[in-house]
Amino acid sequence: MDKRSRNIIIIIIVVLFIGAAFAGGYYYHEPVKKPEKKYMEYLNGIPVCDVYYKNNLKNLLITGPSSYIEYANNNSRDNTVNGNLSARWTLKQSDAFEDNISVFYKDFKELGYGWIPGYTQMVGDVVAPTIVNGIVYITSSDGMVYGINDKTGNVIFSLSVPSSIMSETLVYKNIGYVGLGSAFFTYDQGLLNAFGGGYRGRYSGLTGILAFNATTGRPLWLHLTKAQAMPTGVIANNQLIWDDGDGNIYSMNLTNGNTIWKYHYNGSANMASLLYYRPMKLIIAGFSSGYPTNMSAFVELYTNGTLYKIIRLPFAATSGAGDAVPAIYNGNIVDSFTAYPVYYGPELKEISIKQAFIVASIKTGKIIINENLTKRFHVGGTNNGNSPLIINGIAYVPSIIDHKIIAVNVTTGRILWKSPELSVYAFLHDEPAYYNNMLFVPDLNNITIINATTGSIIANYTTNYIYAIQQPLIVGNTLIEDSITNYAYAVPLKDIIK
């Protein structure tokens, strides 16, 4: 090959390289910088690893609140954020696996409905995304916390811990907080609870509260607990307050995780996310029963850890009161969970239960409304709570019994409408999201849109993902959701509502 031919080939190669570089978003004349920094911290002797991709902060649209301090960031449990975000992206997480809806249906039919609650709470992303200052936070039962660019979907950091994570991410003053521990525990622990005074998830692996830098993901401290800290806590009165399956409520220092106070409600376990009632500075927790004495209750504490009031719920069945995330409306606790048709069980004499709708006065402790929303059914499943969304005095309540969304007047307890039946396989326990008089409901592999006034179905947005108890997050003109198969995505609302 002569010199002239060699030079032509070199020029062609260079041109092709430059074209490929521009097509991939890189400039040939700039060196490619390593976009990550790794942190490995040993907290209480536990290895916690983080990878930070600083370059992925580029094009971040600073939207959403400046802090996220409780489940859905408000007492109404309305996971909708104002803003101008209009984004489309899909994030395949490091432990994602492919969906096969037809195989999923086959498994349900062969193994029975009881199989789905166990499956959906053991894998993938089980709770809703949260957002603060343009960073979307995703937690996974596989022990991962992701910080995601709201505009591009690029991973800003990925934090790995040797435990399951089933809480939403709280963020305050650029520190993120998550609870460690899954929904499951051993058979022996279940027997302890059945014979009275037992606990859910005690000594079941690594459990506790993890704090990390909310921008970089760098681990900061780890507060260990005896049992699963799977629900979402609250930040109130400059304290981090969390609960666990051991029946404890913990107050911790926001900066270092040191215990400020601890309250124990004997004989039961709590897996419901906490409420903070600001007018009276009260922390409210829903507790499950401990058999044979039914200790189900709403427990109200001042933020200094002293008891204000216990509202007994002796009619609550199984784990119901400790599974449902309560809301607040007009000074009242609003909740929905499984309950006995008669006021006092016990379960061994009455195994047919219903879905109750409860309204209780925070100040007086009086139960104002106790209405039956559904037909009776045989007790079962691993999650027996149905978390309500409150909008303008109406509770929108999911029902795994009827496979419907039910609208209830919070003041009177009157049922306003029931939606058409959704998928019989849908895991309808978490609140829908509300936007512009529409409800967005995770429905197996669909997002079903329901008219909030009439209950009629407006549209179905079919996806390749399967949902468990993830309430959708709506930011501006975009819906952001995650799934039990470890995919997260953002899609413009106009593409969902057709």
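We count residues from 1, following the sequence as given.
- Y487 OH to D125 CG: the interatomic distance, rounded to the nearest 0.5 Å, is 12.0 Å.
- Side-chain contact check for D150 versus I131: some heavy-atom pair is nearer than 4.5 Å.
- Partners of P420 according to the side-chain contact (heavy atoms from CB on, under 4.5 Å) rule, which considers only residues two or more places apart in sequence or in another chain, are I457.
- Judged by distance alone, the side chain of T225 and the main-chain N or O of A227 form a donor-acceptor pair under 3.5 Å.
- Under the side-chain contact (heavy atoms from CB on, under 4.5 Å) criterion, K151 pairs with L61, L85, N149, not counting sequence neighbours.
- For D246 and N248, the side-chain atoms include at least one donor-acceptor pair closer than 3.5 Å.
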Please tabulate, for side-chain N and O atoms in residues 490-497, each donor-acceptor pair with protein atoms closer than 3.5 Å (sequence neighbours left out).
from	atom 1	to	atom 2	distance (Å)
D495	OD2	R88	NH1	3.1
D495	OD2	R88	NH2	2.2

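- Applying the ring pair (Phe, Tyr, Trp, His ring centres under 6.0 Å) test to Y68 and every residue at least two apart in sequence or in another chain returns nothing.
- Side-chain atoms of W242 come within 3.5 Å of backbone atoms of P231 as a donor-acceptor pair (strictly under, hydrogens ignored).
- The line from CG of N477 to CG of N82 is 10.5 Å long, rounded to the nearest 0.5 Å.
- Distance CZ/R278 to CG/N75: 5.0 Å, rounded to 0.5 Å.
- Among L91, L479, D482, I480, the one residue that satisfies the side chain to side chain contact (heavy atoms under 4.5 Å, CB included) test with Y489 is L479.
- Taking 4.5 Å as the limit, some side-chain heavy atom of N486 sits within range of a side-chain heavy atom of S140.
- Among residues two or more places apart in sequence or in another chain, the ring pair (Phe, Tyr, Trp, His ring centres under 6.0 Å) test is passed with Y308 by Y302.
- D402 pairs by the salt bridge (charged side-chain N to carboxylate O under 4.0 Å, His left out) definition with K418, not counting sequence neighbours.
- A side-chain donor-acceptor contact under 3.5 Å links T463 to the backbone of N445.
- In this structure, CD1 on I138 lies 8.0 Å from OG1 on T169, to the nearest 0.5 angstrom.
- T207 OG1 to K226 NZ: the interatomic distance, rounded to the nearest 0.5 Å, is 10.5 Å.
- With sequence neighbours left out, the ring pair (Phe, Tyr, Trp, His ring centres under 6.0 Å) criterion links Y172 to no other residue.
- T374 places a side-chain N or O within 3.5 Å of a backbone atom of Q355 that can act as its donor or acceptor partner.
- Ion pairing between E70 and R77 holds under the 4.0 Å rule for side-chain N and carboxylate O.
- Counting heavy atoms from C-beta outward, I367 and I311 have side chains that approach closer than 4.5 Å.
- Here E300 pairs with nothing under the salt bridge (charged side-chain N to carboxylate O under 4.0 Å, His left out) rule; sequence neighbours left out.
- With sequence neighbours left out, T364 forms a side-chain hydrogen bond (donor to acceptor under 3.5 Å, both in side chains) with S361.
- Under the rule for a ring pair (Phe, Tyr, Trp, His ring centres under 6.0 Å), the partners of F157 that lie at least two apart in sequence or sit in another chain are F212.
- Residues satisfying the side-chain contact (heavy atoms from CB on, under 4.5 Å) criterion with N451, sequence neighbours excluded, are N437, T453, T454, S456, I458.
- Listed for the D443 side chain is a donor-acceptor partner under 3.5 Å among the backbone atoms of S423.
- Side-chain contact between S336 and L373 is present, with heavy atoms from C-beta onward closer than 4.5 Å.
- A donor-acceptor pair under 3.5 Å is absent between the side-chain atoms of N73 and the main chain of Y71, judged by distance alone.
- Between atom OG of residue S167 and atom CD of residue Q228 there is a gap of 12.5 Å, rounded to the nearest 0.5 Å.
- Relative orientation of the Y434 and Y396 rings is parallel, given thresholds of 30° and 60° on the angle between their planes.
- In terms of modelled atom types and a separation under 3.5 Å, the side chain of T232 and the main chain of E168 share a donor-acceptor contact.
- The side-chain contact (heavy atoms from CB on, under 4.5 Å) search around S163 returns L180, L206, not counting sequence neighbours.
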